[in-house]
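What follows is a short report on a single structure.
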Amino acid sequence: MAARNWIFAVAVFLSLSTFSSAQDLQIVNAERRIDLSSHIVKAFLTLKVENIGKDPAADMLLAFPPTQIKNLAMVQALAVTGKKKKKIYLPLDVKPSEQPDAPNDAGYFLVSFATPLGPGEAVTLEVLYILTHSLEPFPVEITQSESQLVYYRDSAVVLSPYRIKQQTTFFKTPSTRVESFTSVEPANRAGKEIKYGAYEDRAPYSYAPVIVHFENNSPFAVVEELVREIEISHWGSLQITENYRLTHGGARHKGVFSRVEYQSRRSISGSSSFNALLAVLPPRVNSVYYRDNIGNISTSHLRTGFKKSELEFEPRYPLFGGWKATFIIGYRVPLEDYLFEAPDGRRYLNFTFGCPLVETIVNKLTLKVVLPEGSKDPSAVLPFAVNQDLQVKYSYLDIVGRTVVVLQKDNVVPTHNVPFQVYYTFKPIYMLAEPLMLVSAFFFVFVTSLAYVHIDLNIVKK
Amino acid sequence: MAAKKASPDLVNSSFSFKSLKLKTKQQELLLRVSILGLVYVLAFIARLFSVLRYESMIHEFDPYFNYRTTLFLTEKGFYEFWNWFDSESWYPLGRIIGGTLYPGLMVTAALIYWTLRFLRFFVHIREVCVLTAPFFASNTTLVAYFFGKEIWDTGAGLVAAALIAICPGYISRSVAGSYDNEAVAIFALLLTFYLFVKAVKTGSLSWALGSAFGYFYMVSAWGGYVFIINLVPLYVLVLLITGRYSMRLYVAYNCMYILGMLLAMQIRFVGFQHVQSGEHMAAMGVFLLMQVFYFLDWVKHQLNDTKLFQTFLRITVTSAILVGGIALGVGTASGYISPWTGRFYSLLDPTYAKDHIPIIASVSEHQPTAWSSFMFDYHILLFLFPAGLYFCFKRLSDATIFIVMYGLTSLYFAGVMVRLILVATPAVCLISAIAVSATVKNLTSLLRTKQKVPQTGSTKGVGSSKSSSKVTLDQSQPFHKNGAIALLVGVFYLLSRYAIHCTWVTSEAYSSPSIVLAARGAHGNRIIFDDYREAYYWLRQNTPTDAKVMSWWDYGYQITAMGNRTVIVDNNTWNNTHIATVGRAMSSYEDEAYDIMRSLDVNYVLVVFGGVTGYSSDDINKFLWMVRIGGGVYPVIKEPDYLVNGEFRVDKGASPKMLNCLMYKLCYYRFGELVTEYGKPTGYDRARGVEIGNKDIKLEHLEEAYTTSNWIVRIYRVKPPTNRL
C-alpha cells in the first residue's frame with residue numbers, strides 16, 4: 001500500500017509539475033532526527049530552504065502523510081539566524097492548512113516566515129513535531145515475562161511539496177534491540193541509531209515507506225480522559241481537581257499475572273508494565289490528595305520545591321498492557337501566584353495548560369475554570385486552538401451559580417504545558433455575599449431561640 | 001460530668017455581672033442547654049476517630065451494601081429504588097432489593113443529602129453516609145436526656161446523655177463510616193420507648209401517636225424492631241399483672257399497636273409478617289387481652305353484684321384463653337402463622353444455631369458474649385447498673401418498671417449474642433445514670449444542708465439539685481461531711497476513668513474500617529495494608545463488566561459495591577443452598593469444582609489469604625464453616641475428611657482432601673516458592689505458623705489473574721473449557 005502511495009505521489013507530481021508557487025522554493029538540505037525512545041514520538045527536522053523563484057515567498061508548506069496527520073499533536077517551527085556561536089532562534093507562526101489539490105489526503109501546515117524570503121535567499125528552519133499513538137505493538141499481546149516490541153512506520157525520505165537536494169533521517173531507538181528495519185539504500189544501524197541516507201535530489205512528494213520493529217519498554221501511559229477543574233476563590237486559593245482515566249496503551253497483557261514472578265524477578269518480569277507515575281505540580285502547593293472512587297490511595301510522596309513540586313505516586317496496582325486505572329488528584333495553590341489584575345481593571349488567571357503527569361499522552365483534555373460567583377464577561381487566551389464553551393456550576397452556598405469556562409482539546413502532549421489566561425470582571429462586593437448569608441442564618445437561629453425563651457405560648461396561665 | 005464542672009463557673013460569672021443576671025429558671029435552662037449542646041458535640045466528635053486515624057470511608061461489610069443502595073436511591077429516585085431488581089448479586093437468581101431490605105437508613109441518608117443540597121451545601125453522598133451514624137448518635141443523646149428526665153429527673157437525664165455519648169457499646173456500631181442499620185435504629189428504638197413511656201405516663205393520644213411513628217421508623221430501619229414489639233406487650237402484661245392497669249395504658253398501647261402495625265406493614269420486607277409470624281403474636285395476644293380486660297372492667301362497672309361478676313369472669317377468661325389457644329393452634333397448623341425464625345430461636349436458646357444453622361453460627365458477631373467484652377463495652381456501667389436497679393425499685397413507677405424490664409431483657413439478649421450489647425447499651429446507660437445522679441444528688445445535698453441549713457431554698461435551682469428534696473434523704477443520719485466528700489471524689493474518679501476508657505477504646509479498638517488494615521512496622525512506623533481495595537479496584541477496572549465473581553459470602557457486598565461486578569453470593573444470606581453450593585465448590589477437588597463453577601457461569605474466583613502478612617481472618621481459617629455449610633446441604637462434603645484426629649491443619653500432616661481442595665490450592669498456589677519470614681523455610685504460613693503441606697500446586701482449570709501486593713486477596717480466572725478432539 002505504502003509503496004503504491006509513493007508511486008502515485010510521484011505520478012501526481014509529474015502530472016502537476018507546473019502547479020503553484022510551491023515550485024519556487026526548494027530545500028537544500030534536510031536532516032530529520034526521530035526520537036522513538038518513549039511512546040511520544042518526537043521528530044526534529046532541520047531544513048535549509050532556498051527561494052529559487054522570482055517573487056519573494058511569504059510562507060512555506062510542511063506536508064504530512066494522512067497516517068501521521070491524525071496523530072500529530074503539535075508542530076513548532078523556529079527560524080535560525082546567525083552563525084554557529086551566536087544562533088538566534090525566532091519562533092514562527094505555524095497553522096494547519098488545507099490544500100485543494102493535496103495528493104493522497106496529505107495534510108499541510110503553513111509556516112509563515114518572519115520576513116518574506118526574497119529570490120535567491122535561504123533560511124534555516126528548525127521544525128519540531130510530535131506524534132502520538134504512532135508506535136504499534138507487535139505482537140499485539142504479550143505475557144508477563146515478554147518485553148514489548150513495537151512497529152514504527154514512516155518514510156525514509158521527508159515528505160515535502162518541494163524538491164529536496166540532500167537529506168538524511170535518523171531513528172533513535174530506546175535500546176539496541178531492533179528486530180528489523182526496512183532497508184532503503186543507503187541505510188545502516190549503529191547502536192541505538194538507524195540512519196537513512198544521505199539521499200540526493202529527491203522530487204516533491206517522494207515517499208519511501210519504512211518499518212522499524214524494535215523493543216520499547218518505556219511506560220505507555222495514556223490518559224484517555226482528563227478533566228481538570230480549577231476553582232477560583234477570591235478568599236485566597238485556587239482549588240485544582242484532576243480526574244484521570246489512565247490506561248496502559250502498549251501491547252495487551254495476556255494470560256497469567258504472577259505475583260511471585262513480579263516481586264522476585266522484577267527485572268525480567270513485567271518489564272513493559274509501570275507502577276510509578278510522576279506529576280509536576282506548581283510550587284507552594286498544599287492540601288494535596290490522591291484518591292479514587294473507593295477512597296484514598298496511600299502510595300504517594302510529595303516533594304515541594306521553589307520552582308516546582310513533584311508528586312510521586314503509584315496506582316493501586318501495576319499497570320500492564322490494556323489495564324486501566326482511574327484516580328483523582330487534587331491540590332490547592334495560593335491565589336496571589338496565579339491571579340492578577342489587568343491594566344483595564346479586569347482580573348485574569350494565568351495558569352498552565354496540559355497534563356501535570358510527565359511523559360503522558362492525553363487523548364481528551366477538558367479544562368474547566370470555575371470563576372467566582374458574580375463574574376462576568378469571561379474570555380480565554382491560549383497559544384493554540386481549543387474548543388471553548390461556557391457552563392454553570394453550583395457549589396457551596398451558590399444561588400445564581402458560577403460561570404465555568406470549559407476548554408477542550410484532544411491529543412495533548414507535555415509540550416502543551418504552557419501558560420494560558422482567562423480574563424473576567426468581578427466586583428469585590430460579591431465576596432461578601434456568602435459570609436453575609438451565613439451570618440444572617442445564624443442570626444435568625446439566635447433570634448428564634450431568644451423568642452422561644454421569652455414568649456409564653458401557654459393558653460392557660462399556670 | 002461536664003455538667004458538674006461547668007456549673008460553678010457559669011453561676012459565678014452570672015453573679016458578677018449584676019446587670020445581666022438571669023432568673024433562676026433561665027440560668028437552669030442555659031446550663032441545661034449548654035451541657036446538652038456539649039454532649040451533643042462530644043458524641044459526634046468522639047466518633048470521628050476513624051476518620052482521623054484512617055479516612056472518610058465506609059467500613060466493614062454490610063455498610064457497603066447500604067452505601068451502594070443509597071447511591072442508587074439518590075441517583076435514580078425513590079420509585080426506582082423501591083422496584084429495584086438487582087441482577088448483580090446472587091447470580092443467577094438475583095435479588096429484589098426493594099422487597100428485601102429495611103429502607104430506613106438509606107432514605108434517611110438520602111433525605112439528609114437532599115436537604116443539604118437544597119440548602120446549597122454540595123456535599124458528596126459518601127460524606128453524608130459516613131457521618132450519618134455519628135449524627136444519629138448525637139441525636140440519641142438528646143433522646144436519652146429526655147428519657148432520663150421522664151423516668152427520673154433532669155439530672156439523671158443529663159448524666160444519661162453524657163454516658164451514652166461515649167459508651168463503647170454504642171460507639172462500636174456508630175463510628176463515622178459505620179453506615180449500618182443499627183446507626184439509626186438505636187435512635188429510633190430509644191425514641192419509640194421514650195414516646196411510649198411518655199404516652200403511658202400521660203395517657204395522651206398524641207404521644208402514643210408519636211410512639212407509633214417512632215416504631216414505624218424503627219421497623220423501616222432494622223430487623224431489631226422485633227425487640228420492641230415483644231418488649232412493649234411484655235411490659236403491658238407486667239403492668240396488668242401488678243395491678244397497674246389504667247386508662248392511660250389502654251390508650252397508649254392500643255393506639256401504638258394498631259397504628260404501629262398498620263404503618264409497619266407498609267414496609268415491604270415486613271408486610272403481612274406483622275400479623276402472621278410467630279414473633280409478632282405476643283403483641284397481638286396482649287392487644288386482645290387488653291380488650292378482654294377492658295370489657296371485664298366495663299361489665300364489673302355495670303354489674304354491682306360481685307358473685308355474678310366472679311362467675312362471669314371465670315367463664316369469660318376460660319373462653320378467651322380457649323379461643324385464643326385454638327386460633328393459635330389452627331393458625332400454626334395451617335401455616336397461616338409462620339413459626340419462629342432461626343435467628344429468633346437462637347436468641348431464646350443460645351445453642352440452637354450451633355446445632356441447626358451453621359450460617360448463623362459462623363458469624364462472629366452472633367457468638368455468645370464473653371465477660372471481657374461486657375467489661376470492655378460497659379466498664380463502670382457494669383456495676384452501676386445494679387445500683388441503678390436498686391434506685392428504680394425504690395421509686396417504682398410505670399416508667400421505672402419499663403426501664404427495669406428493658407434493662408433486664410436486653411441484658412439477657414446481650415449475653416446471648418455479642419452484637420446485641422448494642423441494644424442493651426441505652427438501658428444500661430439510663431439505669432446507671434439514675435445511680436450516678438441519685439448518689440451524687442444525695443451526697444451534695446447532704447453537704448449543702450450541713451453547711452448552710454437556712455439557705456437551702458435559694459440555691460435550690462442550681463445544677464442538678466433542683467428536685468433533690470424529693471429524694472429520700474434522712475436528715476437525722478449522722479453522715480460526716482468528709483465521708484460525703486470522699487464518696488463524691490470517688491464517683492468523679494470513676495467517671496473520669498470511664499471517660500478515659502471510652503476514649504481509649506474508641507481510638508484503639510472501634511475505629512478500624514477493617515477494609516484497610518494497619519500494622520506497626522519494625523521501627524514503629526505505621527504500615528497500611530490496602531489490599532482489599534487494590535483487588536476490588538482491579539476487578540472494577542480490568543475485568544469485563546459482565547464478569548461473575550465467586551467468593552465466600554463475606555466479601556459479596558464489598559465486591560458489588562467497590563468492584564462493581566456480579567457476585568454469586570453475598571452477605572444477605574437469604575439462600576442457604578446457594579451459599580452451600582459455593583461452599584461445596586471451595587471444598588471440592590479442582591475438577592469437581594470446575595463443573596460447579598461452569599454451571600454458575602463463574603469467571604473469576606476471589607480468595608482472601610493471610611499467609612504472607614499473618615492476617616488471621618482469612619479464608620483458610622473460615623474454611624471449616626464452608627465445609628459445614630456445604631455439607632449441610634450436600635452430604636458428599638463431610639467435615640471429618642478435612643480434619644486429622646479432629647484437628648484442622650494445613651501442614652504436611654493435613655488430610656489429603658484438605659491438601660487438594662480448591663480453597664487450599666487457590667490460597668497456596670505458588671506460595672511454596674516464597675520466603676515469608678527470615679530463618680524459616682519457603683512456604684511458611686505466618687497466619688497459622690506452619691510450613692504448608694503442599695508446595696507443588698498445579699492448577700488445571702484456573703489461572704492466576706491478580707494477586708495483591710501483600711497477597712491478601714488472590715483472584716483467579718476460570719479458563720474456558722478446552723476443545724475436545
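Lettering of chains follows the sequences in order, A, B, ..., and the numbering in each one begins at 1. What you see is a predicted model, and the numbers here were worked out from it, not measured in a lab.
- Put simply, the residue from Ile240(A), Asn286(A), Thr241(A), Leu311(A) that forms a side chain to side chain contact (heavy atoms under 4.5 Å, CB included) with Tyr331(A) is Ile240(A).
- Identified by a heavy-atom distance below 4.5 Å to chain A, the contributing residues of residues 557-565 of chain B are Met562(B), in residue-number order.
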Quiz prompt | ring-ring contact (aromatic ring centres under 6.0 Å, His included) evaluation trace for Phe529(B) with Tyr615(B) | solution = CA-CA 10 Å; Phe529(B) 297 118; Tyr615(B) 172 58; 8.6 Å; no
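- Using a 4.5 Å cut-off between heavy atoms, Arg540(B) contacts chain A through its side chain alone, with no backbone atom that close.
- What you find for Gly250(A) and Pro137(A) is that their closest heavy atoms are C-CG, 3.7 Å.
- Within residues 391-400 of chain A, the residues having any heavy atom under 4.5 Å from a heavy atom of chain B are, by residue number, Tyr394(A), Ser395(A), Tyr396(A), Leu397(A), Asp398(A), Ile399(A).
- When heavy atoms are compared at a cutoff of 4.5 Å, Arg126(B) approaches chain A solely by way of its side chain, counted from C-beta outward.
- Atoms CD and CG, on Gln263(A) and Leu674(B) in that order, are 5.5 Å from each other to the nearest 0.5 Å.
- Arg670(B) has no carboxylate O lying under 4.0 Å from a charged side-chain N of Glu704(B), or vice versa, which leaves the two without a salt bridge.
- Under 4.0 Å is where a charged nitrogen must lie from a carboxylate oxygen, and between Arg402(A) and Glu373(A) no such pair does.
- Rounded to the nearest 0.5 angstrom, Leu539(B) CG and Ser551(B) OG are separated by 9.5 Å.
- Between the OH atom of Tyr113(B) and the OG1 atom of Thr115(B) there is a distance of 11.5 Å, given to the nearest 0.5 Å.
- Between Pro378(A) and Tyr424(A) the shortest heavy-atom distance is CA-CB, 4.2 Å.
- Listed options Ser258(A), Ser298(A), Gly322(A) were ranked by heavy-atom pairs under 4.5 angstrom with chain B; first place goes to Ser258(A).
- Legend: side chain to side chain donor-acceptor pair (under 3.5 Å) pairs involving residues 52-65 of chain B, not counting sequence neighbours, sorted by first then second residue: Glu55(B)-Arg533(B), Ser56(B)-Glu127(B).
- One finds no salt bridge joining Lys680(B) and Glu691(B) here, because no Lys/Arg side-chain nitrogen approaches an Asp/Glu carboxylate oxygen to under 4.0 Å.
- Between Tyr668(B) and Phe609(B), the two ring planes are perpendicular [angle over 60°; tilted spans 30° to 60°].
- The side-chain tip of Arg316(A) points at the ring of Tyr537(B) from less than 6.0 angstrom away and within 45° of straight on.
- Between Trp538(B) and Trp323(A), the angle of the ring planes goes over 60°, which puts this pair in the perpendicular group of the 30/60° scheme.
- Ranking Leu116(B), Val33(B), Val123(B) against chain A, the residue ahead of the rest is Val123(B), based on heavy-atom pairs under 4.5 Å.
- Heavy atoms of Glu673(B) lying under 4.5 Å from chain A belong exclusively to its side chain.
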Practice problem: Could you walk me through whether Ile697(B) and Asn694(B) pass side-chain contact (heavy atoms from CB on, under 4.5 Å), step by step? | Solution: CA-CA 7 Å; Ile697(B) 293 171; Asn694(B) 184 357; 3.9 Å; yes
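- Electrostatic pairing of Glu231(A) and Lys368(A) does not count as a salt bridge here, judged by no charged N lying under 4.0 Å from a carboxylate O.
- Residue contact with chain B, scored on non-hydrogen atoms closer than 4.5 Å, involves the backbone and the side chain of Thr326(A) alike.
- When the heavy atoms of residues 288-296 of chain A are compared with those of chain B, the residues falling under 4.5 Å are Arg291(A), Asp292(A), Asn293(A), Ile294(A), Gly295(A), Asn296(A), listed by number.
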